[in-house]
2 protein chains.
Amino acid sequence: MKIDPRHLEILAAIVENGGLTEGAEALGKSQPSVSRTLAQLESRIGTALFKPGRRPLQPTELGEALAEQGRMVRKANLASSDIVSRFKAGHAGLVRVAGTPIFMDGVISGIIARFQAQVPDVRVEQSYGYAETLIEKLRNETLDMAIVPLRRDKVPRDLLFQPILPGLNVVACREGHPLTRRKLLTPQDIEEFPWIAPPVDSPLYRDLKRALANIGAENYRISFSGGSLASVINVLTGSDSLTVLPYSVVFTMKAQSAIEALSLEIGHPDRMLGVLASSTPHDNPAAQRFRAFVVAQFEALAHRIVQHQKDRIWR
Amino acid sequence: MKIDPRHLEILAAIVENGGLTEGAEALGKSQPSVSRTLAQLESRIGTALFKPGRRPLQPTELGEALAEQGRMVRKANLASSDIVSRFKAGHAGLVRVAGTPIFMDGVISGIIARFQAQVPDVRVEQSYGYAETLIEKLRNETLDMAIVPLRRDKVPRDLLFQPILPGLNVVACREGHPLTRRKLLTPQDIEEFPWIAPPVDSPLYRDLKRALANIGAENYRISFSGGSLASVINVLTGSDSLTVLPYSVVFTMKAQSAIEALSLEIGHPDRMLGVLASSTPHDNPAAQRFRAFVVAQFEALAHRIVQHQKDRIWR
DNA sequence: CAACCAATATAACATCAAGTTATGAAGATT
DNA sequence: AATCTTCATAACTTGATGTTATATTGGTTG
């Protein structure tokens with residue numbers, strides 16, 4: 001026997017409210033509608049579900065047992081509505097975000113932590129990659145957003161790119177590095193110290209080479225390469241090595257690691273760091289919410305950077 | 001947002017079977033029907049529930065969460081069907097049975113015990129009363145069946161009466177009572193011993209008076225009255241008192257109590273012990289089942305009584 | 001890359017259930 | 001007994017669900 005789950009819900013409402021009229025009111029339906037539905041349910045089951053001639057209406061044993069199941073159905077229904085509304089408000093769901101490793105580790109992961117403090121039911125799935133592969137994944141719908149440095153003219157038409165910071169790389173070193181005391185740095189100063197290189201296929205690697213070329217350093221030596229941010233910073237703080245990092249990363253990591261940036265003009269890439277996402281506002285409210293959060297966090301970061309620069313000038 | 005619980009069930013079926021076609025098959029519906037239902041659900045929610053272009057079809061996070069609720073609904077639905085079918089088979093439910101106190105205690109309670117060994121999920125609610133009040137309760141539908149002695153011509157038209165034993169009362173006494181050794185009993189023999197009387201409003205009390213009149217005893221004395229069966233038997237076995245009891249009760253209780261029946265013809269009431277129930281086969285399969293069980297048990301009891309009589313004659 | 005095959009979506013229609021209002025019947029209450 | 005509340009019924013409209021037939025789509029394969 002197949003029973004319509006809605007009928008069970010209605011039965012539960014009748015039982016709980018002690019009457020057809022009250023049950024109908026609780027359900028927001030008319031009394032005749034509820035009455036007929038109950039009659040139909042009883043006729044299908046082939047048994048009365050309420051004791052005859054009692055007020056308030058009292059269910060039979062069977063009626064009570066089925067009403068209990070009706071409560072289960074209603075519970076599932078309420079849970080469903082809740083799930084949907086939380087999802088649509090971006091308070092629940094899954095955000096798949098990817099970006100260049102250094103950025104993800106150095107800046108985004110902290111932003112994710114703050115985001116999750118705010119909306120704990122959103123799960124964030126982080127992965128790493130560079131523009132090309134991430135664009136592919138965005139088109140695949142296997143990724144919700146990518147945080148990558150990108151040249152304006154390289155932005156794919158079918159995707160939406162929201163810039164959040166200008167590309168700004170700096171030479172990073174440990175706090176108290178010998179070079180931090182010098183006002184003017186020559187290529188010779190630079191060539192004295194070993195370099196940490198990012199992975200060769202990363203944009204940052206290209207930035208490093210260009211920076212060194214700009215400075216005029218030709219005989220540089222690379223002592224360490226291929227590590228992720230944690231390794232880079234460990235090596236950086238444990239030695240006199242230098243490396244190229246986005247300024248936002250150095251600025252962010254200063255709070256926890258003893259690194260700083262040399263005041264050395266190395267030429268900025270013509271890229272913007274930005275959030276790349278499907279242009280169709282595809283239905284992932286949590287991702288939308290996270291994107292807005294990331295943008296806002298970067299605005300705050302930019303502001304703090306400006307503030308910090310002013311302070312330095314004043315000193 | 002109100003979601004149709006049936007849609008959730010369908011969603012669960014699609015998710016579990018990895019496709020619309022398979023889901024439809026599992027549900028016993030056509031593929032287009034399921035397809036449209038899913039489309040409708042998605043449009044109401046305002047979000048896709050499955051990742052686009054995947055085979056086997058993979059649900060989104062939201063789709064999976066809602067499918068989980070769908071499984072809850074289905075579970076409740078299956079439980080309901082089970083509850084109903086068990087109820088209709090008489091394997092579950094409530095049976096409200098009443099009867100004259102002596103009978104209920106002496107015979108029916110043992111039958112109930114055997115019944116429950118067979119169908120443990122049926123609850124039996126026992127109460128006591130005499131024909132008049134029980135007939136009232138049967139009409140009220142506050143009772144499923146009454147086990148009472150009744151004259152054939154006193155059976156109400158609107159109720160169904162199924163005779164199960166002829167009325168047969170005996171004089172009961174303790175085992176080894178002085179009177180058990182006598183072949184022929186005179187009124188004087190009887191008057192020597194005190195009597196235990198049932199409650200004055202009981203049929204058995206009228207039987208007692210009639211029996212004593214039949215015997216010709218006029219000067220009898222009543223030493224105890226008003227007790228239920230347990231008290232009666234305690235007094236009986238602890239003294240030389242006599243009382244009138246249905247033979248079926250004495251026969252049944254012999255197994256556990258040291259009582260026996262005097263071979264004294266006391267004249268039988270023109271009543272039949274029987275099961276009285278609503279003539280409408282009102283929808284309580286468990287009660288029907290119990291009634292059939294009681295009838296069968298009494299048949300077996302009657303058979304054992306006949307067997308026992310034969311044995312006595314042979315000795 | 002074209003062609004094929006399986007799965008899904010759409011169309012068109014029939015049927016049934018659920019909703020409505022209006023009203024009758026029945027029970028409880030005084 | 002009269003009244004008032006509650007439940008059942010009637011008549012009708014609307015929307016959902018089911019069907020079969022067919023078009024699209026997407027993945028697979030030579």
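Scope of the values below: all heavy atoms of this structure, side chains included, with no hydrogens, waters or symmetry mates. From a predicted model like this one, the values you see are computed outputs, not experimental measurements. Below, chain A is the first sequence line, B the second, and so on; all start at residue 1.
For D:dA16, the base has no donor-acceptor partner in the side chain of B:R36 [N/O atoms by modelled type, under 3.5 angstrom].
The phosphate of C:dA17 (OP1 or OP2) has no side-chain N or O of B:R6 nearer than 4.0 angstrom. Put simply, A:R44 has no side-chain N or O that comes within less than 4.0 Å of OP1 or OP2 on C:dC16. OP1 or OP2 of D:dT17 sits under 4.0 Å from a side-chain N or O of B:H7. For the pair A:Q40 and C:dA18, the criterion of a side-chain N or O lying under 4.0 Å from OP1 or OP2 is met. Side-chain N/O atoms of B:T21 include one lying less than 4.0 angstrom from OP1 or OP2 on C:dT8.
A salt bridge is absent between B:K137 and B:E132; no separation between the charged side-chain nitrogens and carboxylate oxygens falls under 4.0 Å. A:R123 has a carboxylate O that lies under 4.0 Å from a charged side-chain N of A:E125, or vice versa, which qualifies the two as a salt bridge. Using a 4.0 Å cut-off between a side-chain N of Lys or Arg and a carboxylate O of Asp or Glu, B:E64 and B:R71 qualify as a salt bridge. Salt bridge A:E9/A:R6: absent, no basic N to carboxylate O contact under 4.0 Å.
Atom NZ in A:K51 sits about 18 Å away from atom P in C:dG27, given to the nearest Å. One can place NZ of A:K29 at 17 Å from P of D:dC7, the figure rounded to the nearest angstrom. To the nearest angstrom, C1' of C:dG27 lies 15 Å from CD of A:Q58. We find that CG of A:L20 is positioned 14 Å from C1' of C:dG27, with the value rounded to whole Å. Distance NZ (B:K2) to C1' (C:dG19): 10 Å, rounded to an integer number of Å. Distance CG (A:L38) to P (D:dT6): 17 Å, rounded to an integer number of Å. Nucleotide D:dG15 holds its P atom 19 Å from the CG atom of B:L41, rounded to whole Å. If you take CG of B:L49 and P of C:dT8, they are 15 Å apart, rounded to a whole angstrom.
With D:dA16, D:dT6, D:dG18 as the candidates, the nucleotide lying closest to the side chain of A:E22 is D:dT6. You'll find that the side chain of B:Q31 is closest to C:dT8, out of C:dG19, D:dT17, C:dT8. Among the nucleotides D:dT17, C:dT8, C:dT20, the one closest to the side chain of B:S33 is D:dT17. Comparing D:dT17, C:dA9, D:dT20 by their nearest atom to the side chain of B:D4 picks out D:dT17. Listed nucleotides: C:dA18, C:dT21, D:dA8. Nearest to the side chain of A:S35: D:dA8.
Other residues, nucleotides and ligands place no more than 12 heavy atoms under 6.0 Å from the NZ atom of B:K75.
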